[in-house]
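Right, one structure below, let's go through it.
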Amino acid sequence: MCGITGWISFDRDLRASADALDAMTQTMECRGPDDRGTWIEGPAALGHRRLAIIDLPGGRQPMTATTPGGTVALVYSGETYNYTELRAELAELGHEFKTDSDTEVVLRGYLEWGEDLPERLNGMYAFAVWDGRADKLLMIRDRMGIKPFYFYPTADGVLFGSEPKAILANSLAKARVTLDGLRELFTFVKTPGHAVWDGMHEVEPGTIVTVDRSGLRSHAYWTLKTRAHTDDRETTIATVRELLDDIVRRQLVSDVPRCTLLSGGLDSSAMTAIAARQLAERGETVRSFAVDFVGQAENFVADELRGTPDTPFVHDVAGSAGTEHRDIVLDSQALADPEVRARVIRARDIPAGFGDLDASLYLLFRAIREHSTVALSGESADEVFGGYLQFFDEEARNADTFPWLVRMGQHFGDDADVLRPELSKRLDLESYVADSYADAVGDIERLDGESDFEYRMRRICHLHLTRFVRVLLDRKDRASMAVGLEVRVPFCDHRLVEYVYNAPWALKSFDGREKSLLREATADVLPKSVYDRVKSPYPSTQDPKYAVALQDHAKELLARPSHRVFDLVDRERVARAANREAPQITQASRRGLERTLDLALWLDMYDPELVLD
């Protein structure tokens, strides 16, 4: 797991620009604290920061191969879980290896199969190949978009990086945000390819972007396709379990300490229990970690989203699976700490608006990093198997918009309410969402004979797997890599995603509950309490001291009326929320304060040019 960056400039020799490449590479230090490397040859400059996971001494990058036609150089971030099989296949074809790393397998795989390589990879990855034989750069991203990858076209080439900060470190890139960037920040729709920063783009999941002297072009090597599902219930459940066993076994491979993230929900519990069973066969014990808040278990108050606290279920799983478990207990002071907020924004490069959810995730990962370097997560199971409330909410099912937006304001508060009215009018977020939704559903294929209801549910599943999940995957990657922790997501294995996506909704919810297939496929390793538990999302602190701390920080900001944040947010609305009595601080008020503080810090840290007309 690493951070990559680079610069292609066909009109210059970049050996004279080594300092610029060094600056870009240095921004990736958190993603790769173990090693750094750069490589420059003519128009191509590649930078790499390494977090060593497999073949600690042998996986240094950039990695190159000399061929009769020129040098082929690679910078690679991620993990290829089937690299041992690919290595054996390449060895039979005559390739010789100098290391035991998956990076060299990817490099040799490109030499053998060219642009057909990613179709053979099972993993999470973002990598760039400079092919000196044809003077072209290929930027390749995994199918689900687990690993981030950004690029910025220039007059004579391109800048790229694992994160926007690497690109913005180059003077050719302008830190500019237009109305479209703000629309993306305030709508939770994750437009494919959109990077918020003007002129910058994401390499879309499952896509290869090629840059040569004739320009830039892209093509998708993978998309989520509609296929007929012919397996009966028993076969489907058995197939899901076989896939999960294989996926977890592959993703446990590591030369450094690993663990699991355990919430006590169905997803993380199933994954942890399977990992524990597999490691026990080798005489090992899995480590597990959970997040909790001071006083939450004792003073928990149920609401529509969260009916039970996580901790009792976490401990049931830890005891049942025999994990070496640790609770990471956070207090409100840490969650509200402006320094933590700043670190989260620096990790994301944008004011993402998740508030204490982002802060607690960052603090959890920072604590885990003291014990482990690799963690397996239950992320994305809700999208794959149908676990969210909106999958069962008739209004959300039938709405002609993204289903998660139907209740979002009700559950979390609408942070767009904090915007200045004139800016809100210019943004016209309602139209932006409507256009984005129409684009998102336009190409979803329908099976012959598929009922209207099944097709409606297929569309909802597709939207979650191609839009919603990408927000959460980016959040998890950035928060974890900010502290040098690699988080793996078994439920994003493309084989599992494809198989379950095409199972009809009647099969996914055969017992009338969420994630029926996953529950039955892992019933033998789950405690009954978890098997029976209703879905509960990632926890949020209920401590009123957190909201009070937000108010205090907002009052400090209000004392600076000339701050640029008030070009975006309504100062009077912020003042009203900041001066409410503690019992009257609503979820919407809290969310608005979080968003305001995030925006203010982002403006201070990045000093972006805002184009608001």
Side-chain angles (χ1 to χ4, degrees), residues 183-191 263 265-267 300-310 352-358 360-361 379-419 424 427-438 440-441 453 456-473 475 505 508-509 512-516 533-542 547 577 585-595:
R183 289 179 179 115
E184 196 70 13
L185 278 177
F186 280 92
T187 52
F188 208 91
V189 298
K190 195 64 183 77
T191 303
S263 71
L266 176 61
D267 319 332
F300 181 81
V301 178
D303 58 28
E304 186 177 356
L305 278 183
R306 301 173 179 89
T308 52
D310 287 345
F354 282 87
D356 75 301
L357 303 182
D358 268 348
S360 65
L361 194 68
E379 189 80 85
S380 307
D382 287 306
E383 290 81 3
V384 174
F385 289 96
Y388 293 116
L389 286 176
Q390 57 261 25
F391 283 95
F392 298 87
D393 182 334
E394 284 302 315
E395 183 179 350
R397 281 175 167 178
N398 294 308
D400 287 326
T401 190
F402 297 101
W404 54 87
L405 297 181
V406 173
R407 305 282 184 201
M408 183 165 285
Q410 174 186 331
H411 291 149
F412 300 104
D414 186 355
D415 58 353
D417 281 348
V418 79
L419 294 172
S424 185
L427 290 173
D428 189 10
L429 298 179
E430 185 175 340
S431 294
Y432 187 76
V433 170
D435 291 345
S436 182
Y437 176 74
V441 299
F453 174 74
R456 166 67 66 170
M457 297 310 297
R458 177 181 295 281
R459 288 169 65 174
I460 290 174
C461 293
H462 195 282
L463 290 171
H464 279 82
L465 289 167
T466 58
R467 297 296 182 99
F468 190 84
V469 76
R470 292 178 186 174
V471 177
L472 302 183
L473 288 173
R475 167 179 176 257
W505 182 253
K508 289 177 186 165
S509 59
R513 302 179 63 187
E514 76 275 6
K515 294 179 285 195
S516 306
R533 190 186 185 193
V534 175
K535 160 71 181 174
S536 183
Y538 183 83
S540 176
T541 181
Q542 296 184 343
I585 302 175
T586 64
Q587 184 66 35
S589 296
R590 175 172 140 173
R591 186 165 168 79
L593 290 173
E594 289 174 327
R595 178 65 94 168

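In this text the structure is predicted, and so the values were computed from the model without any measurement.
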Checking side chain to side chain contact (heavy atoms under 4.5 Å, CB included) for the pair Arg533/Leu266: CA distance, chi angles, key distance, verdict?
CA-CA 8 Å; Arg533 190 186 185 193; Leu266 176 61; over 6 Å; no
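- Not counting sequence neighbours, Tyr538 has no partner by the ring pair (Phe, Tyr, Trp, His ring centres under 6.0 Å) test.
- Counting all heavy atoms, side chain and backbone alike, Val469 lies closest to Ser380 at CG2-OG, 3.3 Å.
- Once rounded to the nearest 0.5 Å, the distance linking CG of Leu429 with CZ of Phe186 reads 8.0 Å.
- A donor-acceptor pair under 3.5 Å is formed between the side chain of Glu514 and the backbone N or O of Lys535.
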Criterion salt bridge (Lys or Arg N to Asp or Glu O under 4.0 Å) on Asp417 and Arg591, from CA distance to verdict:
CA-CA 10 Å; Asp417 281 348; Arg591 186 165 168 79; over 6 Å; no
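- Contact of the Tyr432 side chain with the Glu184 side chain is registered, since non-hydrogen atoms from C-beta on lie closer than 4.5 Å.
- Nearest heavy-atom pair, Gly386 versus Phe392, reported as atom, atom and distance to 0.1 Å: O-CE1, 3.8 Å.
- Closest approach of Asp310 and Ser536 over heavy atoms only: OD1-OG, 4.2 Å.
- By the side-chain contact (heavy atoms from CB on, under 4.5 Å) test, Ser436 pairs with Val189, Thr191, Phe402, Arg467, sequence neighbours left out.
- Residue His462 holds its NE2 atom at 5.0 Å from OG1 of Thr466, rounded to the nearest 0.5 Å.
- Taking CD of Glu430 as the start and OG1 of Thr401 as the end, the distance is 9.0 Å to the nearest 0.5 Å.
- Ion pair Arg456/Asp400 flagged as a salt bridge, since at least one NZ, NE, NH1 or NH2 atom sits closer than 4.0 Å to an Asp/Glu carboxylate oxygen.
- Between the side chains of Glu383 and Tyr388, at least one donor-acceptor pair of N or O atoms lies under 3.5 Å.
- A side-chain N or O of Asp356 and one of Ser540 form a donor-acceptor pair less than 3.5 Å apart.
- Atom-to-atom distance recorded for Ile460:CD1 and Asn398:CG is 7.5 Å, nearest 0.5 angstrom.
- Looking at heavy atoms from C-beta onward, Pro403 lies out of side-chain contact with Phe391 at the 4.5 angstrom threshold.
- Across all their heavy atoms, Arg183 and Leu427 have their closest contact at NE-O, 2.6 Å.
- Between the side chain of Arg475 and the backbone N or O of Ala352 there is no donor-acceptor pair closer than 3.5 Å.
- Checked by atom type and distance alone, the side chain of Ser516 pairs as donor or acceptor with a backbone atom of Lys508 at under 3.5 Å.
- Atoms CZ and CG, from Arg470 and Leu465 in turn, are 9.5 Å apart once rounded to the nearest 0.5 Å.
- Taking Val471 as the reference, Phe188, Lys190, Phe354 meet the side-chain contact (heavy atoms from CB on, under 4.5 Å) condition, with sequence neighbours excluded.
- Nearest heavy atoms, Leu463 versus Trp404: O-CH2, 3.7 Å.
- In this structure the side chain of Gln390 never reaches within 4.5 angstrom of the side chain of Arg407, judged on heavy atoms.
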Start with the C-alpha gap between Thr541 and Ser360, add the side-chain angles, then the distance that decides, and say whether side chain to side chain contact (heavy atoms under 4.5 Å, CB included) holds.
CA-CA 9 Å; Thr541 181; Ser360 65; over 6 Å; no
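- Here Arg459 contributes atom CZ and Arg397 contributes atom CZ; the two are 14.5 Å apart, rounded to the nearest 0.5 Å.
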Apply side chain to side chain contact (heavy atoms under 4.5 Å, CB included) to the pair Lys515 and Asp267, showing each step before the final yes or no.
CA-CA 9 Å; Lys515 294 179 285 195; Asp267 319 332; 2.8 Å; yes
